[in-house]
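Naming convention: chains lettered A, B, ... in sequence-line order (proteins, then strands); numbering from 1 in each chain. Heavy atoms only: backbone and side chains are in, while hydrogens, waters and symmetry mates are out.
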Number of protein chains: 2
Amino acid sequence: MSELSLHGGDPSVLRRINAAATLRALRGGGEPTLSELAREVGLSRPTTEGVLSELADRGLVTEVAPRSGRGLGRPARRYRFRADAGYALGLDIDAHHVRLFLADLDGEVVAGHHAAVALNASATERLAAVRVAVSELLATVGVERGALWAVAAGTPGVVSPEGRIALCTVVPDWEGVALARELGRMFPCPVLVDNDANLAALAERWRGAARDSDDMVCVLAGPHTGMGAIIGGRLHRGRWGAAGEVGLLPELGLRDTAAVLAEAAPSGTLPAEDSDGTAGPVERAAERVLAAAQRGDSAAAELVDRLAARMARGIAAMALALDPEMIVVGGRLVRPGDRLVEALRRAVPPLCLTPVRIEASTLGEDAVALGALRLALDLVDEELFRIDRPA
Amino acid sequence: MSELSLHGGDPSVLRRINAAATLRALRGGGEPTLSELAREVGLSRPTTEGVLSELADRGLVTEVAPRSGRGLGRPARRYRFRADAGYALGLDIDAHHVRLFLADLDGEVVAGHHAAVALNASATERLAAVRVAVSELLATVGVERGALWAVAAGTPGVVSPEGRIALCTVVPDWEGVALARELGRMFPCPVLVDNDANLAALAERWRGAARDSDDMVCVLAGPHTGMGAIIGGRLHRGRWGAAGEVGLLPELGLRDTAAVLAEAAPSGTLPAEDSDGTAGPVERAAERVLAAAQRGDSAAAELVDRLAARMARGIAAMALALDPEMIVVGGRLVRPGDRLVEALRRAVPPLCLTPVRIEASTLGEDAVALGALRLALDLVDEELFRIDRPA
DNA sequence: TCTACTTATGGAACAAGGGTGCGTAATGCC
DNA sequence: GGCATTACGCACCCTTGTTCCATAAGTAGA
């Protein structure tokens with residue numbers, strides 16, 4: 001709007017506005033009638049007709065067969081948004097995995113993929129694994145690389161505004177990698193990179209536990225606990241991309257989260273890294289403690305409660321700073337109905353000023369990749385609905 | 001824009017867009033020529049002419065005398081934004097004062113006012129003092145109450161989204177007051193109420209130390225230390241209006257800020273409240289310690305440093321949570337070149353992950369009232385430039 | 001099978017807004 | 001006093017969108 005109100009406009013901007021409105025209504029799904037569409041958008045039928053033929057020329061809309069037999073009168077022409085006119089791709093690159101989701105322009109996920117990567121892989125090897133995974137995914141569903149409109153990737157650590165890994169303690173050889181540029185070489189479309197907790201927040205708001213919440217915080221409890229925040233409906237990154245890192249204050253207890261649980265097992269007895277490279281020894285140990293707590297092992301349960309009490313201070317600091325509507329707790333250490341989330345639900349509110357809902361993630365390990373997908377889809381939407389330049 | 005893209009538009013919305021764009025260009029100040037204006041907005045001269053005559057009908061624009069003698073050719077008609085077509089009012093209501101600023105539609109401050117209120121005044125008395133102060137201010141400059149387009153007020157404590165004082169430890173008898181409704185009775189225009197630190201943040205961004213910074217935090221060091229945050233260029237209030245209250249965590253050391261300094265003087269020797277009711281005994285004592293530190297008193301200086309070290313944790317928590325571009329420190333306890341700000345500048349960065357500028361407020365005691373004014377002016381701007389309804 | 005009714009279509013006539021171009025008015029300079 | 005210069009005011013045309021109406025293409029009932 002600001003762009004719009006700065007420079008005045010020809011009648012053509014009116015057409016662009018109406019095209020965007022029509023596209024938006026059409027993308028809601030279904031195969032509306034011309035008249036239905038006109039009524040919904042608030043335009044006359046002839047105008048809508050003109051807009052639609054223009055959108056058809058751009059390849060974004062097709063006419064579908066009219067449905068006869070339903071109702072009285074002459075069957076109406078029906079139109080459909082061509083969701084397959086383009087695709088968006090979301091990546092999750094972490095210490096042990098590469099995860100991918102591909103969606104069409106409707107945001108419908110059409111394919112997913114997963115590949116294990118060794119913890120101690122070099123940055124080059126990790127990027128090669130990404131390249132292979134992407135190629136496999138695209139080949140499986142038969143989507144051309146040129147059909148991608150936007151790509152986004154999430155990764156642990158602090159990601160600078162230019163998409164460089166400014167800080168990363170979790171993935172070896174990862175710090176300093178200009179990830180956006182490296183990935184940019186693989187795709188003929190814009191590539192965005194962001195912190196994993198930030199993207200998990202986007203995902204939870206999109207199709208997870210925080211649907212339609214405009215002010216929420218997502219806690220990603222993994223080896224290190226990161227947080228992402230949606231503020232006023234928009235992802236907040238901070239000046240240097242480091243927002244949500246309250247864990248740095250030692251007294252707020254968000255560092256080495258998994259290690260607190262793992263300490264139960266004497267370090268000498270920790271198993272070596274799994275052969276599939278899917279999780280490190282600390283994560284494995286932590287997950288065993290969580291499982292034991294779930295089974296009713298009282299020593300393990302106490303350890304979980306202690307972890308929750310430790311984490312509560314950091315989470316409360318974030319809640320006090322932002323006063324969010326809700327906090328979603330996710331990451332490797334969390335499953336729905338978990339003892340950890342229950343413990344946090346007891347430990348955090350007493351430290352807060354306002355009632356804040358605490359929910360477990362419903363997306364599990366897919367959260368980050370889905371969030372990356374959502375970020376890419378946001379870019380797609382911006383492209384679809386932009387009105388400040390000729391199509 | 002979203003509003004715009006949802007419902008399609010007549011040619012009339014085009015006119016509204018162009019009117020808004022022209023008004024925006026015109027309000028930049030000066031008395032531009034018709035052609036200059038047309039060039040700047042990107043419209044043709046006849047169109048601009050039509051828009052201007054419409055704006056003149058609405059009383060927002062006047063033609064001024066052409067300036068002959070300057071340059072060749074026929075003198076051009078010149079136009080001016082009628083800043084006096086309306087006014088905005090900002091209030092600061094705190095424990096000891098009522099402060100007011102009145103501005104025209106250009107945001108130019110045309111009058112200010114200040115009145116002392118006794119600390120132990122009842123809510124009713126405090127509101128009466130506000131009413132009197134407003135009447136005096138308006139009478140002084142000869143502005144009708146009906147000429148007010150928007151009013152905003154700042155006050156210590158947590159202000160709920162509906163404008164109720166949900167929590168306030170600083171002003172007696174203030175908690176629970178439905179301030180927005182009470183003030184609403186005094187004015188025939190919208191009235192907004194917000195937390196004082198939030199408004200101070202707005203003010204510092206508008207004409208203080210944080211000009212044009214879209215991500216900043218304002219620390220208001222008074223009896224209790226509050227914080228306000230601008231995120232992505234917009235004020236962040238939180239779901240319940242309680243954002244920025246990290247001070248609640250005891251280990252973050254933002255509670256009873258002034259008292260830390262005042263403790264130097266044994267409580268028995270504290271002077272009684274000043275006859276003018278302008279400051280409480282604790283504030284007075286705190287200010288004496290600050291002044292002593294400024295003069296070089298080493299004991300006082302050490303006390304200030306200790307306070308800074310205490311506050312640093314809370315400020316760092318906020319900085320880590322939000323990763324702002326800069327932090328502005330203001331409030332009663334701060335003057336430019338102060339030892340407190342210097343001490344914070346040393347104490348905070350080591351706790352942070354990213355380089356964050358720390359600056360002293362340049363607005364002094366006016367910050368909150370100016371921020372309230374800015375909030376009211378934002379509402380004025382929204383009204384001036386709205387395009388989603390007929391004028 | 002034919003007729004009446006219903007609903008959508010397609011195009012013509014009309015209105016609003018914006019751009020272009022040209023004759024004309026008002027000023028400064030020589 | 002004439003000329004160059006600059007801006008004005010108006011007429012004309014294009015784009016976009018709306019209203020209105022005759023017509024087409026179905027269904028339901030006789």
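Across A:Arg205, A:Glu325, A:Glu204, a single residue satisfies side chain to side chain donor-acceptor pair (under 3.5 Å) together with A:Ser213, and that is A:Glu325.
With respect to A:Arg15 and A:Glu54, a salt bridge is recorded, a charged nitrogen being found less than 4.0 Å from a carboxylate O. Using a 4.0 Å cut-off between charged side-chain N and carboxylate O, A:Arg237 and A:Asp194 make a salt bridge. For B:Asp381 and B:Arg374, the salt-bridge test passes: some basic side-chain N is under 4.0 Å from an acidic carboxylate O. Salt bridge annotation for A:Glu63-A:Arg80: absent, with no cationic side-chain nitrogen under 4.0 angstrom from a carboxylate oxygen.
Straight-line distance from the CG atom of B:Leu37 to the P atom of D:dT6: 20 Å, rounded to whole Å. Between A:Leu14 atom CG and C:dG19 atom P there is a gap of 13 Å when expressed in whole angstrom units. At whole-Å resolution of the value, OH in A:Tyr79 and P in C:dA8 are 13 Å apart. Distance, A:Glu49 CD to D:dT18 P: 13 Å, rounded to whole Å. Rounded to an integer number of Å, the gap from CG of A:Leu52 to P of D:dG17 is 12 Å. Computed from coordinates, the B:Arg39 CZ to C:dG19 P distance equals 15 Å when rounded to whole Å. Between the CZ atom of A:Arg15 and the P atom of D:dT15 there is a distance of 12 Å, rounded to whole Å. Look at CZ on B:Arg77: it is 9 Å from C1' on D:dG9, rounded to the nearest Å.
The side chain of B:Ala76 approaches D:dA7 more closely than any other nucleotide in the set C:dG28, C:dG10, D:dA7. Closest to the B:Pro46 side chain, of the nucleotides C:dG21, C:dG28, D:dT18, is C:dG21. Checking D:dC8, D:dT18, C:dA8 against the side-chain heavy atoms of B:Ser35 singles out D:dC8 as nearest. Listed nucleotides C:dG18, D:dG9, D:dT18 differ in distance to A:Leu43; the shortest reach to its side chain belongs to D:dT18. Closest to the side chain of A:Arg45, out of C:dG21, C:dG28, C:dG10, is C:dG10. You'll find that the side chain of A:Arg74 is closest to C:dA8, out of C:dA8, C:dG17, D:dT6.
Within 4.0 Å (heavy atoms only), B:Ser44 reaches at least one base atom of the nucleic acid.
Between B:Asn18 and C:dG18 there is a side-chain N or O to OP1 or OP2 distance below 4.0 Å. Neither OP1 nor OP2 of C:dG17 sits under 4.0 Å from any side-chain N or O of B:Ser12.
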